[in-house]
2 protein chains.
Amino acid sequence: MLSVTVDQLDPTPIYEQLAGIIREKIKAGDLAERQLVPSESSLQQKHGIARGSVRRAMELLREEGWVVTIQGRGTFVAPRENWPGKP
Amino acid sequence: MLSVTVDQLDPTPIYEQLAGIIREKIKAGDLAERQLVPSESSLQQKHGIARGSVRRAMELLREEGWVVTIQGRGTFVAPRENWPGKP
DNA sequence: GAGAATTTGTACGTATGTATG
DNA sequence: ACATACATACGTACAAATTCT
């Protein structure tokens with residue numbers, strides 16, 4: 001089963017959990033290419049975590065090439081050729 | 001004495017200080033029912049604080065029922081029956 | 001009605017302080 | 001000492017709604 005929210009009791013860092021959740025949504029096509037990813041504040045509220053943790057998760061996904069962030073607009077699913085494991 | 005501006009050295013959060021100042025103005029009748037509250041940018045300049053702090057103060061006052069905000073128009077003092085402690 | 005200006009709404013970027021394990 | 005997490009507060013940019021010229 002795919003987790004839909006973070007688990008505060010899980011020793012895995014919150015931001016890694018959240019990154020994992022969003023990464024899986026992208027892989028599954030639930031979040032499509034170039035689609036707007038939910039905002040930091042909405043993710044913050046939905047999961048009951050701090051914005052800094054959301055930002056760390058997004059930072060991870062950016063580094064991995066899953067998403068692209070544009071100031072003042074939002075975070076978007078990156079074009080498929082930027083995704084990892086796509087040689 | 002009633003403070004007229006926020007105090008950066010006061011450990012009370014800036015947005016709480018500003019909310020308190022405006023709340024007292026409403027209670028004192030300095031800002032009357034349905035009157036337009038100064039805009040976010042003017043409050044920002046007057047107190048030398050960030051707009052985000054002004055918005056948080058307004059959010060507090062909205063939640064308490066002191067003011068009503070309309071996009072594109074401004075923030076107004078709420079009708080008296082919305083004020084707290086008016087059963 | 002068109003266009004500029006004003007005002008609030010949303011979103012990201014960054015820094016600092018505090019608390020906890 | 002260090003990593004994690006939350007709170008506050010600064011800044012920037014752009015969107016949306018309204019008002020004014």
Side-chain angles (χ1 to χ4, degrees), chain A residues 3 5-23 25-26 31 34-79 82, chain B residues 3 5-23 25-26 31 34-79 82:
Chain A
S3 54
T5 187
V6 300
D7 180 4
Q8 300 279 359
L9 300 181
D10 188 335
T12 307
I14 296 283
Y15 68 90
E16 282 188 19
Q17 292 185 48
L18 179 57
I21 290 171
I22 296 178
R23 195 187 298 113
K25 279 181 189 287
I26 295 175
L31 284 169
R34 292 182 150 78
Q35 184 178 343
L36 185 61
V37 175
S39 75
E40 292 185 353
S41 64
S42 69
L43 288 171
Q44 174 184 349
Q45 288 179 21
K46 171 172 183 179
H47 296 276
I49 61 180
R51 196 178 152 228
S53 303
V54 178
R55 289 187 52 68
R56 275 189 184 81
M58 292 304 176
E59 189 181 346
L60 253 185
L61 295 174
R62 267 198 305 275
E63 289 169 359
E64 294 172 353
W66 293 108
V67 299
V68 174
T69 298
I70 303 176
Q71 183 174 357
R73 297 221 254 142
T75 295
F76 301 83
V77 177
N82 296 25
Chain B
S3 54
T5 187
V6 300
D7 179 3
Q8 299 278 3
L9 301 182
D10 189 330
T12 308
I14 298 278
Y15 70 90
E16 281 188 20
Q17 291 185 48
L18 178 57
I21 290 171
I22 297 178
R23 194 187 297 114
K25 279 181 188 288
I26 295 174
L31 284 169
R34 295 175 200 283
Q35 185 178 342
L36 185 61
V37 174
S39 73
E40 293 177 358
S41 63
S42 69
L43 289 171
Q44 174 184 350
Q45 289 177 22
K46 171 171 182 180
H47 296 276
I49 60 180
R51 194 182 154 218
S53 302
V54 178
R55 289 188 54 74
R56 293 207 58 178
M58 292 306 177
E59 188 183 349
L60 253 185
L61 296 173
R62 268 197 305 274
E63 290 169 0
E64 294 171 354
W66 293 107
V67 301
V68 175
T69 298
I70 304 175
Q71 182 176 2
R73 303 228 312 208
T75 296
F76 301 83
V77 177
N82 296 25

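Numbered from 1 within each chain, the chains take letters A, B, ... in sequence-line order.
The partner of D:dA1 is absent, by the rule that a Watson-Crick or G-U pair needs both atom distances under 3.5 Å.
Within the nucleic acid shown, A:G52 has no heavy atom closer than 4.0 Å to any nucleic acid atom.
Within the 4.0 Å cut-off from OP1 or OP2 of D:dT4, not a single side-chain nitrogen or oxygen of A:R56 is found. At least one side-chain nitrogen or oxygen of B:R73 sits closer than 4.0 Å to the OP1 or OP2 atom of D:dT19. The shortest distance between the side-chain N/O atoms of A:S39 and the OP1/OP2 oxygens of C:dA11 is below 4.0 Å. In this model, the phosphate group of D:dA9 is not approached by any side-chain N or O of B:Y15 to a distance below 4.0 Å at OP1 or OP2. Phosphate contact (OP1/OP2 of D:dC10, side-chain N/O of B:Q8, threshold under 4.0 Å): present. Taking side-chain N and O atoms only, A:S53 has a distance below 4.0 Å to OP1 or OP2 of D:dC6.
Not a single donor-acceptor contact under 3.5 angstrom links the side-chain atoms of A:E40 to the base of C:dA11.
Atom pair A:E59:CD and C:dT14:P shows a separation of 9 Å (rounding to whole Å applied). As rounded to whole Å, 10 Å separates atom P of C:dT7 from atom CD of B:Q45. One interatomic measurement links the two molecules: CZ of B:R51 to P of D:dC14, which rounds to 14 Å at whole-angstrom precision. The interatomic distance linking A:L36 (CG) with C:dC12 (C1') rounds to 12 Å, in whole Å.
Across every non-hydrogen atom of B:Q8 and B:G48, the tightest pair is NE2-O, 3.7 Å.
For B:R55, the side-chain atoms get nearest to C:dT10 when compared with the rest of C:dT14, D:dA13, C:dT10.
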